[in-house]
Amino acid sequence: MSKSLPSRADNYSEWYNELVKRADLAENSAVRGCMIIKPYGYSIWEKMQRALDDMFKETGHTNAYFPLFIPKSFLSKEASHVEGFAKECAVVTHYRLKNDPNGGGVIVDPDAKLEEELIVRPTSETVIWSSYKNWIQSYRDLPLLINQWANVVRWEMRTRLFLRTAEFLWQEGHTAHATKKEAIEETEQMLEVYADFAENFMAMPVVKGIKTANERFAGADETYCIEALMQDGKALQAGTSHFLGQNFAKAFDVKFLSKENQLDYVWGTSWGVSTRLMGALIMAHSDDQGLVLPPKLAPIQVVIVPIYKGEEQLNAIIEKVNPLVKSLRKSGVSVKFDTSDNQSPGFKFAEYELKGVPIRLAIGNRDMENGTIELARRDTREKTSMAFDGIEQVVLDTLEDIQTKIYAKALAFRTEKTHVVNTWDEFNAKLEEGGFISAHWDGSSETEEKIKELTKATIRCIPLDAKEEAGTCILTGNPSNKRVLFARAY
RNA sequence: CGGGGUGUAGCGUAGCCCGGUAUCGCGCUUGGUUUGGGACCAAGAGGUCGUAGGUUCGAAUCCUGCCACCCCGACCA
């Protein structure tokens, strides 16, 4: 294994792949397209889960669990939904294996064919709505606010660790409401939750917007999304929140009796974020030295590396550092004091930088004599020698500062890479530079398709904060009343 | 699924054109010396050369099929 990572400038995707593996986040599995999330990677995901789950609970949702398998018939109930997912579903056809009578290990027992094939869920709207039918009779049963943490399978052609895998972990919220207004409010509320999480925990700025009809979720009336910009100038859809209208209620016959004794279909939403956020997190901040993790999601926030000659010095350092470790932990900081002696300090420095540990403290004999300790921050790679006394407060402040600074840096990058263009030539020129392009579009699917065909750029979203502004479509010259955001995307 | 490429120890590789049972580095084990930015010395362990078949006295090497992975397209969170 060579020591340094491929650089982002040389080969961005190779840099990404190598980083995921070297930082011990994940690796490919024996099954094509599936990934093994390793302990270090999983602990980041767990931190994301915890934060999101708390936010879901605060907004009134509860968790439940629905099965992995979906009867094939369920999937055909909502027409556009099937169309969207049919091409990428894994199907269970048999329930038993047997020994090959010809000797070659086990084979599928042809006598064990299922009467109705089962689909491995690509998403759970159908199973969940078939249950909601039994759970909802009256307006008093509404709203129904449920979330589940689960794995889903979408048989993708080309996969990349975290960004697109055949099986991935996610959460999917599925809610049912008495009124359209309330369902839309829920959809918008969850989009806000996602944006809040992305910005305040992941330190990743996002654009909130709605998808065009082409990019909409299969079965939704409206898809809201958060879009982030990666360091290579490509956009990444980081989360979606769908207003389902009455589509699934009609498909699964979910009706309720209102206060006015009127029978009506319920209104639905669904919303999800996945382990793809891990990919977003990696690409948003990391550099050629390795991961850069926001303190709020870093499994190890502070690592302490002792530098010593002989056991006596090590013991003195341990004695000095232990109280610091204890008090930092008491303040809720996750600390690793790495006293292992099978690696040199230099190796440890490089290793913890690769893993994105926000703060490194190094203490050696020199510091012991001077009453100092060295603090290195991962985001800027600055090292400062400072007084040992009072270091705890400095660490706490620095963690907050890193969280703020990496957000500011990512935001500055996005601002710099967001181009407002008015002509087709400008559009193409800026597209090559990468980034978001804010331009007028005539609102037709044909034009959107045409632009995609010509440039590989898609409309990421119509930003929620887009101003009313008269203009002409970048391609057709037809009138437009607001700008949309284009980019090449993951 | 189309076009291109690659499969040799845990990882990265040499050898392949020109057939004779595998090279080097990292990592690993043991012992010693080290430790302020990826330490050094010594001794070890580890390989049915992706897989199935063919040619041959003999195949990592030549031929054919298959599989996997990577890059570029079509599809997607």
Side-chain angles (χ1 to χ4, degrees), chain A residues 1-6 11-14 16-18 21-22 27-34 83-89 104 122-123 151-172 194 211 214-218 223 225-228 235-242 270-280 289-290 305-311 313-314 317 338-354 360-370 372-374 376 381 383 385 452-453 456 458 460 489-490:
Chain A
M1 203 199 302
S2 78
K3 282 176 183 173
S4 59
L5 227 42
N11 188 337
Y12 193 83
S13 65
E14 203 180 315
Y16 175 83
N17 288 332
E18 277 297 303
K21 285 178 204 157
R22 298 241 202 123
E27 62 189 26
N28 282 307
S29 77
V31 178
R32 178 194 145 75
C34 294
E83 206 180 307
F85 288 104
K87 293 162 293 184
E88 50 187 38
C89 285
T123 178
N151 57 339
V152 288
V153 169
R154 296 180 190 174
W155 213 264
E156 300 290 350
M157 294 297 185
R158 281 186 65 189
T159 59
R160 292 187 72 191
L161 292 170
F162 291 120
L163 294 174
R164 183 173 305 115
T165 46
E167 179 194 16
F168 56 92
L169 306 184
W170 77 344
Q171 64 59 222
E172 44 180 328
Y194 288 155
K211 288 290 187 190
N214 281 350
E215 303 277 330
R216 202 176 281 156
F217 174 76
T223 288
C225 63
I226 52 171
E227 292 283 330
L236 183 83
Q237 178 175 307
T240 45
S241 183
H242 314 290
S270 69
W271 28 274
V273 293
S274 71
T275 36
R276 175 177 248 204
L277 287 180
M278 292 284 295
Q289 270 66 45
V305 178
I307 301 160
Y308 57 93
K309 298 188 213 293
E311 208 171 321
Q313 283 188 6
L314 175 61
I317 292 171
D338 188 351
T339 55
S340 64
D341 67 347
N342 50 347
Q343 273 134 5
S344 67
F347 183 93
K348 290 176 185 174
F349 292 175
E351 186 67 13
Y352 291 113
E353 275 172 15
L354 179 62
R360 178 182 74 236
L361 296 173
I363 180 165
N365 206 37
R366 215 158 64 200
D367 296 296
M368 293 292 280
E369 280 166 11
N370 302 336
T372 56
I373 190 163
E374 183 188 82
R381 300 187 77 227
K383 295 195 287 194
S385 179
K452 184 177 176 182
E453 215 174 280
K456 288 192 241 169
T458 50
R460 302 319 303 158
Y490 275 96

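Here is how names work: the chains are called A, B, and so on, in the same order as the sequence lines, proteins then strands, and each is numbered from 1. Just so you know, these numbers come straight off a predicted model, no measurement behind them.
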Which part of the nucleic acid, if any, lies within contact of A:S274, taking any heavy atom under 4.0 Å across all strands shown: a base, the sugar-phosphate backbone alone, or nothing?
base

side-chain hydrogen bond (donor to acceptor under 3.5 Å, both in side chains) against A:E353, all qualifying residues, sequence neighbours excluded
A:R360, A:R381

5'-most by nearest nucleotide on RNA chain B - A:Q237 or A:F347:
A:F347

B:rC76, B:rU35, B:rG38: which one has an atom nearest the side-chain heavy atoms of A:I307?
B:rU35

ring-ring contact (aromatic ring centres under 6.0 Å, His included) partners for A:F217, two or more places apart:
A:H81, A:F85, A:H242

All ring-ring contact (aromatic ring centres under 6.0 Å, His included) counterparts of A:Y12, not counting sequence neighbours:
A:W15

Between A:K348 and A:V305 the two heavy atoms that sit nearest each other are CD-CG1, 3.9 Å

Got a second to check how far A:L5's CG is from A:L354's CG, nearest 0.5 Å?
6.5 Å

Enumerate all atom pairs, one protein N or O and one N or O from nucleotides 67-74 of chain B, separated by less than 3.5 Å.
unit_1: B:rC69; atom_1: OP2; unit_2: A:R32; atom_2: NH1; d: 3.2
unit_1: B:rC72; atom_1: OP2; unit_2: A:R158; atom_2: NH2; d: 2.8
unit_1: B:rG73; atom_1: OP1; unit_2: A:K456; atom_2: NZ; d: 2.8

Separation of B:rU33 C1' from A:E311 CD (nearest whole Å):
16 Å

Return the set of residues passing salt bridge (charged side-chain N to carboxylate O under 4.0 Å, His left out) with A:E215 (not counting sequence neighbours), or none when no residue passes.
none

What is the distance, to the nearest angstrom, from the CG atom on A:D341 to the P atom on B:rA39?
14 Å

Using a cut-off of 4.0 Å on non-hydrogen atoms, how would the nucleic acid contact of A:F217 be classed: base, sugar-phosphate, or nothing?
nothing

Side-chain contact check for A:K309: nearest option of B:rC76, B:rU35, B:rG37 is B:rU35

A:S344 side chain N/O closer than 4.0 Å to the phosphate oxygens (OP1, OP2) of B:rA39?
yes

Set of residues satisfying side-chain hydrogen bond (donor to acceptor under 3.5 Å, both in side chains) with respect to A:E227, sequence neighbours excluded:
A:K211, A:R460

Tell me: CD of A:Q313 to P of B:rG36, nearest whole Å?
12 Å

Rounded to the Å, how far apart are A:N370 CG and B:rG36 C1'?
12 Å

Nucleotide B:rC76, atom P - distance to CZ of A:R460 in whole Å:
11 Å

Among B:rG36, B:rC75, B:rG37, which nucleotide sits nearest the side chain of A:E353?
B:rG37

Please confirm whether any donor atom in the side chain of A:N365 sits under 3.5 Å from an acceptor in the base of B:rG36, or the reverse.
no

Rounded to whole angstrom, note down the C1' distance from B:rU13 over to B:rU6.
13 Å

With rounding to the nearest 0.5 Å, note down the distance linking CG in A:L161 to CG in A:N28.
4.5 Å

Residues in side chain to side chain contact (heavy atoms under 4.5 Å, CB included) contact with A:A280, at least two apart in sequence or another chain:
A:M202, A:M204, A:M230, A:L236

My understanding is that only one of A:L277, A:T240, A:I226 makes a side-chain contact (heavy atoms from CB on, under 4.5 Å) with A:Y194; could you say which?
A:I226

Just to verify, what does A:D341 make a side chain to side chain contact (heavy atoms under 4.5 Å, CB included) with, not counting sequence neighbours?
A:Y308

Distance between the P atoms of B:rU51 and B:rC40, in whole angstroms?
35 Å

Roughly, in whole Å, what's the span from OH in A:Y308 to P in B:rU33?
14 Å

Once you round it to whole Å, what is the distance between P of B:rC75 and CZ of A:F85?
16 Å

Using the P atom as the point on both nucleotides, what is the distance between B:rA45 and B:rA39, in whole Å?
26 Å

Distance between C1' atoms of B:rG15 and B:rA22 (Å, rounded):
8 Å

Can you sort out the partners of A:W170 under ring-ring contact (aromatic ring centres under 6.0 Å, His included), two or more places apart, ordered by chain and number?
A:F168

Does A:A350 offer a backbone N or O that forms a donor-acceptor pair with the side chain of A:Q289 under 3.5 Å?
no

Nearest heavy atom decides the nucleotide; on that basis, is A:K348 or A:K452 closer to the 5' end of RNA chain B?
A:K348

In this structure, how many angstroms lie between the P atom of B:rC76 and the CD atom of A:E88, rounded?
7 Å

Give RNA chain B the dot-bracket treatment, 5' to 3': Watson-Crick (N1-N3 with N6-O4 or O6-N4) or G-U (N1-O2, O6-N3) under 3.5 Å, [ ] crossing, | other strand.
(((((((..(((.......[...))).((((((.....)))))).....(((((..]....))))))))))))....

Determine the contact category for A:T223: base if any of its heavy atoms lies under 4.0 Å from a base atom, sugar-phosphate if only primed atoms, P, OP1 or OP2 are that close, otherwise nothing.
nothing

Between N or O atoms, less than 3.5 Å apart, protein on one side and nucleotides 4-7 of chain B on the other: list the pairs.
none

When you get a sec, tell me which of B:rG37, B:rG36, B:rC76 is the closest nucleotide to the side chain of A:A362?
B:rG36

Looking across every strand, which nucleic acid part, if any, lies under 4.0 Å from A:L236 by heavy atom: base, sugar-phosphate, or nothing?
nothing

Applying side chain to side chain contact (heavy atoms under 4.5 Å, CB included), name anything that partners A:E167, two or more places apart in sequence or on another chain.
A:C34, A:N151, A:V153

Report yes if a donor N or O on one partner sits less than 3.5 Å from an acceptor N or O on the other, where the partners are the side chain of A:E351 and the base of B:rG38; otherwise report no.
yes

With rounding to whole Å, what would you report as the distance between B:rG27 and B:rC66 at their P atoms?
41 Å

Roughly how many Å apart are B:rG3 and B:rC49, using the P atom of each and rounding to a whole number?
30 Å

Please state the C1' separation for the pair B:rG4 and B:rU8 - nearest whole angstrom.
22 Å

Taking atom C1' in both B:rC28 and B:rG65, compute the distance separating them and give it to the nearest angstrom.
38 Å

